[in-house]
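Below you'll find the structure, written out as structure tokens, and then a few comments.
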Amino acid sequence: MSLIKFLDIKTLGDERGHLIALENNRGVPFSIKRVYYLTDTQAGVPRGFHAHKELVQVAVCVSGRCLMKMDDGLTTAEVWLDAPDKAIVIDKMIWHEMHEFSADCVLLVLASDFYDEQDYIRNYDAFLELTKHA
Ligand code: TYD
């Protein structure tokens, strides 16, 4: 199974500009319970560095770009999120890191559940250990 899964997004553009709609359980593979976004991420500051036990997310740079690095414990992959129609699925138990944020980056994230610190795995060795027993 590929680590990199993009949503199949239609850009509804006309002469006025672009419009992209994301809908529960249609393009987005879950019911959205939470939306958050990262802005003003400082130059050279990476974020993420965790996996989730159950949470599934979709991430898209609606402005600017960042480099998404993903790791399932066996393989790693990285991909630039650099367009508003490149929305990537961050599945549960995927270690993910975001690097090289552009100054204008707005990273929008749709999440399948409310914020819950108990769902985070923030230690990489603990993550690797859990993937071995999955
Ligand atoms: P964190 O998940 O560490 O950010 P990132 O992975 O993007 O580097 O979150 C930063 C802080 O914000 C942390 O104290 C938890 C809090 N937080 C919430 O309260 N609600 C949320 O929905 C998210 C994503 C984070």
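Both counts, for ligands and for their atoms, begin at 1 and track the order of listing.
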message: Any protein heavy-atom neighbour for atom 11 (C) of ligand 1 (distance below 4.0 angstrom)?
response: no
field: atom 14 (O) of ligand 1 touched by protein heavy atom at under 4.0 Å
entry: no
Can you list the atoms of ligand 1 that are under 4.0 Å from a heavy atom of [X]?
{"X": "H50", "result": "2 (O), 6 (O)"}
{"X": "Y120", "result": "2 (O), 24 (C)"}
{"X": "R122", "result": "1 (P), 2 (O), 3 (O)"}

- request: Look at the aromatic rings of H52 and Y120 and report parallel, tilted or perpendicular, splitting at 30° and 60°.
  value: perpendicular
message: Test your reading of the structure: does R34 have an N or O sitting under 3.5 Å from an N or O of ligand 1?
response: yes
- prompt: Purely on distance, is any nitrogen or oxygen of G48 under 3.5 Å from one on ligand 1?
  reply: yes
- prompt: Would you say T131 and L74 make side-chain contact, with heavy atoms under 4.5 Å?
  reply: no
- request: Flag the pair V60 / K86 as yes when at least one side-chain heavy-atom distance between them is below 4.5 Å, and no otherwise.
  value: no
task: Please write down residue, atom name and distance for the protein heavy atom closest to atom 9 (O) of ligand 1.
output: R47 NH2, 4.3 Å
message: How far is atom 17 (N) of ligand 1 from the closest protein heavy atom, and which atom is that?
response: Y115 CE1, 3.7 Å
query: For ligand 1, is E117 a contact, meaning one of its heavy atoms is under 4.0 Å away?
result: no
- request: Check side-chain contact (heavy atoms from CB on, under 4.5 Å) between I4 and all other residues, then give those that pass, not counting sequence neighbours.
  value: S2, F6, M70, A77, V79, I88
- prompt: Does R34 use its side chain to pair, donor to acceptor, with the backbone of D113 at less than 3.5 Å?
  reply: yes
query: Can any side-chain N or O of N24 pair as donor or acceptor with the backbone N or O of I32 at less than 3.5 Å?
result: yes
message: Between E129 and Y124, is there a side-chain donor-acceptor contact under 3.5 Å, judged purely by atom types and distance?
response: no
